[in-house]
Amino acid sequence: MVRKTTSKRYSVALVIVMVIYVAFSSVFDRQLFLSLSFSQGTLQQTWESRRIKQPTQPQETTSATITCDRSHSDYDLCSINGSCILDPKTGTFTLMDPTFATSLVEKIRPYPRKAENWTMPRIKELTLSSGPLGLTRACDITHDSPAIVFSAGGYTGSIYHDFLDGFIPLFITANSVYPDRDFILVVVNSKEWWMPKYIDILGAFSKHKTILLDKENASFTHCFPSVTVGLVSHGPKIIDPTQIPNSKSLPRLILVSRYGNIGRVILNEKEIKEMLEDVGFEVVTFRSSKTTSVREAYKLIKSSHVMVGVHGAALTHLLFLRPGSMLVQVVPLGLGWASKTCYESPAKAMKLEYIEYRVNVEESSLVEKYNRDDLVLKDPIAYRGMDWNVTKMKVYLKEQDVRLDVNRFRKHMNEAYEKAKLFMDLNG
């Protein structure tokens, strides 16, 4: 679900923290970040695209064009909207369209320091052209995804400039040009150390092998369905969501997952997760264990806007939530008093927004073990009485799992979304 984005400008510092965390987190299961691909996290990469044994021409398109936007003071941005072929030897992208009669040639240095005459001459100049098909080489490697081309030259070598002139503009460009599509990175001016150092960050942007143009075998040509050359910059230390078309800004929700035979497991967790995503959340599943790094848990939860979980020890991580963010506690049958004492009261004392979802009899797995007239289900308070012993504790804490009513729970989460969105707009 796409929500209207805030007009607030985000500090580059927040982006850097998140990118570095995503790229270098080694403790958490990387499946937490389902929207990112880390298949590039090894130097022994393989082509995701199809190697063509017999030379073939790319599929024709009737709307193929070459365009360049040179109106900005910091950068130029050129593109070929149509099948094109890259000749690594010459650094030329050629439009492959027999219906395109006009001969065009555009030159571009793909680095967002356009006005700096002492920097730009060191950036490799690339060419975009159209020409007769008979003058171009055949495709040796055909890719199904478009390409984004940029330079790792200039001031690269200072981590400040590596992000300021590289990864932050790449983030803006990727979300502006290909917000819902996979793409291939093509890089010029890369130094020997650059790829090993940033391979995980590059893998967060694209699942495909990065093409290092200066190191590429010049005997192989590459074909793409389209290409964008250059990076968009919003200025130093700025990412402005209002300048990103169709920008998606989602509150992050941490879904605390219980698993195994420990009790209070959400039996339909997958269905709940899908519902939460449909409501509008970016859902990250968090499974705490004895080996979970407190430092990494802190980073993850502090970056979120909502934490949701069934009553249990893992909700202690609410201590890492920012004041004003939200805790949603799912309260199983018979545990109302414990939920209030352990988590509701501390959450409110910490100035967190608090929402409680009380499981009814039909949502508790105890309904499969006890008669509906049994005090265990009918009146948990009377069953517990004044004698809260290990046996009674086991019934509600260990024997009970929950299967949440998706539609009923959705109503609570719609309310949570509105509050979380407001918090995100104000605090990031």
Side-chain angles (χ1 to χ4, degrees), residues 27-29 32 251-270 272-273 275-276 279 281-360 363-366 380 384 388 393-405 408-410 412-413 415-417 419-420 423:
V27 179
F28 275 132
D29 183 350
L32 292 179
R252 171 174 284 186
L253 180 148
I254 306 300
L255 178 59
V256 179
S257 175
R258 298 176 63 86
Y259 57 98
N261 298 317
I262 63 173
R264 288 159 288 148
V265 173
I266 300 178
L267 299 176
N268 59 336
E269 183 177 291
K270 181 179 179 182
I272 292 299
K273 182 174 183 292
M275 178 273 288
L276 293 171
V279 167
F281 290 106
E282 173 201 353
V283 181
V284 178
T285 300
F286 174 65
R287 289 188 169 187
S288 180
S289 71
K290 292 181 179 179
T291 61
T292 298
S293 164
V294 175
R295 178 176 62 86
E296 299 299 339
Y298 172 79
K299 287 182 179 181
L300 176 66
I301 294 168
K302 186 176 176 62
S303 72
S304 69
H305 307 97
V306 185
M307 186 167 74
V308 177
V310 179
H311 172 79
L315 291 190
T316 305
H317 289 93
L318 68 86
L319 295 171
F320 300 154
L321 288 168
R322 291 172 287 171
S325 56
M326 179 175 296
L327 174 68
V328 179
Q329 181 177 201
V330 176
V331 182
L333 207 62
L335 295 177
W337 67 276
S339 298
K340 181 178 179 65
T341 301
C342 295
Y343 302 114
E344 177 183 352
S345 296
K348 291 179 177 179
M350 291 174 58
K351 307 300 181 183
L352 301 177
E353 293 284 346
Y354 178 80
I355 291 180
E356 185 171 279
Y357 181 84
R358 293 213 169 206
V359 169
N360 61 33
E363 294 172 291
S364 171
S365 65
L366 294 177
R384 187 177 73 242
W388 180 242
M393 287 175 59
K394 182 179 179 182
V395 171
Y396 294 113
L397 292 174
K398 300 294 184 182
E399 295 182 10
Q400 178 178 205
D401 292 323
V402 297
R403 187 179 299 278
L404 303 183
D405 182 321
R408 189 164 80 93
F409 190 45
R410 180 192 288 267
H412 288 69
M413 297 316 300
E415 177 188 352
Y417 176 86
K419 292 183 177 181
F423 174 77

Peer 1: Is there a donor-acceptor contact under 3.5 Å linking the side chains of R384 and Y396?
Peer 2: no

Peer 1: Can you check whether L318's main-chain N or O pairs, donor with acceptor, with Y343's side chain at less than 3.5 Å?
Peer 2: no

Peer 1: Quick check against the 3.5 Å criterion: does S325 have a side-chain atom that pairs as donor or acceptor with the backbone of L321?
Peer 2: no

Peer 1: Salt bridge (charged side-chain N to carboxylate O under 4.0 Å, His left out) between K419 and E415: does it pass, once the steps are laid out?
Peer 2: CA-CA 7 Å; K419 292 183 177 181; E415 177 188 352; 3.4 Å; yes

Peer 1: Would you say that L255 contacts V284 through its side chain, given a criterion of any heavy-atom pair below 4.5 Å between the two side chains?
Peer 2: no

Peer 1: Please check if the side chain of D401 supplies one atom and the backbone of L267 the other of a donor-acceptor pair under 3.5 Å.
Peer 2: no

Peer 1: Does any N or O in the side chain of R252 come within less than 3.5 Å of the main-chain N or O of S303, such that one atom is a donor and the other an acceptor?
Peer 2: no

Peer 1: Determine whether the side chains of Q400 and S364 contain a donor N or O and an acceptor N or O closer than 3.5 Å.
Peer 2: yes

Peer 1: Less than 4.5 Å apart, any side-chain heavy atom of I272 and any of F409?
Peer 2: yes

Peer 1: With a 3.5 Å cut-off and sequence neighbours excluded, list the donor-acceptor pairs that the side chains of residues 346-354 form with protein atoms.
Peer 2:
from : atom 1 : to   : atom 2 : distance (Å)
K348 : NZ     : E344 : OE2    : 2.8
Y354 : OH     : Q329 : NE2    : 2.7
Y354 : OH     : E356 : OE1    : 2.8

Peer 1: Does L335 offer a backbone N or O that forms a donor-acceptor pair with the side chain of S339 under 3.5 Å?
Peer 2: yes

Peer 1: So E269 and R258, salt bridge (charged side-chain N to carboxylate O under 4.0 Å, His left out) or not? Walk me through it.
Peer 2: CA-CA 9 Å; E269 183 177 291; R258 298 176 63 86; over 6 Å; no

Peer 1: Please confirm whether the backbone N or O of S293 pairs with a side-chain atom of E296, one donor and one acceptor, at under 3.5 Å?
Peer 2: no

Peer 1: Looking at residues at least two apart in the chain, or sitting in another chain, which of them share a salt bridge (charged side-chain N to carboxylate O under 4.0 Å, His left out) with R403?
Peer 2: none

